[in-house]
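Inspection log for the structure reproduced underneath, given as structure tokens.
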Amino acid sequence: ERGESQPLTRRLGELGKTVISVKAGDEYKRIGEDEYQIRAGVKNDYEALVKEMIDEAVCTMEIIHLWSVGDNGNGHEELKPEIYFKLEQQRGYYSLLYLAQAITALKISLPIKISVISNNLHQVSGGEKNQPEKSPMLAFSKVVPQETENITCRVVDIVPPSPESKAELSLIDGLITEIETDSPERA
């Protein structure tokens with residue numbers, strides 16, 4: 001949604017993976033063959049999206065959630081803290097919750113791996129500004145696999161490098177390795 005997914009999407013495509021991109025918008029619609037737009041705060045949009053995705057899945061579905069990688073908490077000085085908190089919750093925790101609820105409502109038994117990629121959730125290099133408003137995603141990743149047997153989750157906190165840098169390429173390859181490793185967090 002904010003551009004961080006483009007290098008990862010491109011690299012996964014180069015590796016022969018089928019990638020479906022989902023961005024937040026003001027209505028639910030299919031934008032292109034492999035791209036959708038949903039209303040982040042509307043549960044029904046997640047169910048419609050999962051219905052379409054499940055038709056494409058063969059034996060497993062891997063979801064890489066990148067909506068919580070972003071602006072380091074900057075650029076929102078004009079917003080009241082409670083409004084900014086609500087926006088971050090919608091992009092993070094609630095989008096994940098609505099996704100899991102859609103999977104459950106549709107009674108999908110296919111194995112589903114969810115990788116939640118974020119920044120400023122933990123101290124990674126020591127210089128980050130922590131964003132505690134993102135912390136409910138940690139609870140999601142622990143609780144949902146306990147309640148839904150076919151869903152596994154992991155959370156990967158990153159420090160986004162400069163776009164199109166060697167560090168970005170290294171991060172993308174590291175993320176792919178992490179995502180493809182079968183050791184999602186189980187509580």
Exercise for the section: Could you tell me whether the side chain of Leu96 reaches within less than 4.5 Å of the side chain of Tyr93, counting heavy atoms only? Expected result: no
Practice task
Enter the distance from Met53:CE to Ile103:CD1 here, rounded to the nearest 0.5 Å.
Solution key: 11.5 Å
Practice task
Mind jotting down which residue pairs meet the side chain to side chain donor-acceptor pair (under 3.5 Å) criterion with at least one end in residues 95-107? Sequence neighbours excluded, please.
Solution key: Lys43-Gln101, His65-Ser95
Practice task
Check each of Asn119, Asn120, Asp157 against Lys134 using the side chain to side chain donor-acceptor pair (under 3.5 Å) test, and report the only one that passes.
Solution key: Asn119
Problem - Listed partners of Glu14 passing side-chain contact (heavy atoms from CB on, under 4.5 Å), at least two apart - result: Arg10, Arg11
Problem - Phe140 versus Cys153, closest heavy-atom pair with distance - result: CE2-SG, 3.8 Å
Practice task
Applying side chain to side chain donor-acceptor pair (under 3.5 Å), name anything that partners Asn44, two or more places apart in sequence or on another chain.
Solution key: none
Handout entry: Set of residues satisfying salt bridge (Lys or Arg N to Asp or Glu O under 4.0 Å) with respect to Lys29, sequence neighbours excluded
Key = Glu27
Practice task
Please list, chain by chain and in numerical order, all residues satisfying salt bridge (Lys or Arg N to Asp or Glu O under 4.0 Å) with Glu164, sequence neighbours excluded.
Solution key: none
Exercise for the section: Could you list the residues that satisfy side chain to side chain donor-acceptor pair (under 3.5 Å) with Glu180, not counting sequence neighbours? Expected result: Lys17
Handout entry: Polar contact flag, side-chain donor to acceptor under 3.5 angstrom, Tyr28-Glu47
Key = no
Practice task
Check side chain to side chain donor-acceptor pair (under 3.5 Å) between Asp34 and all other residues, then give those that pass, not counting sequence neighbours.
Solution key: none
Fill in the blank from the handout: The side-chain contact (heavy atoms from CB on, under 4.5 Å) partners of Thr177 (sequence neighbours excluded) come to Thr181
Handout entry: Counterpart residues, side-chain contact (heavy atoms from CB on, under 4.5 Å), relative to Ile64 (two or more places apart)
Key = Leu8, Leu12, Leu66, Ile117, Ile179
Exercise for the section: Could you list the residues that satisfy side chain to side chain donor-acceptor pair (under 3.5 Å) with Asp45, not counting sequence neighbours? Expected result: Arg39
Practice task
Please identify each residue that fulfils side-chain contact (heavy atoms from CB on, under 4.5 Å) with Ala167, with sequence neighbours left out.
Solution key: Pro161, Ser165
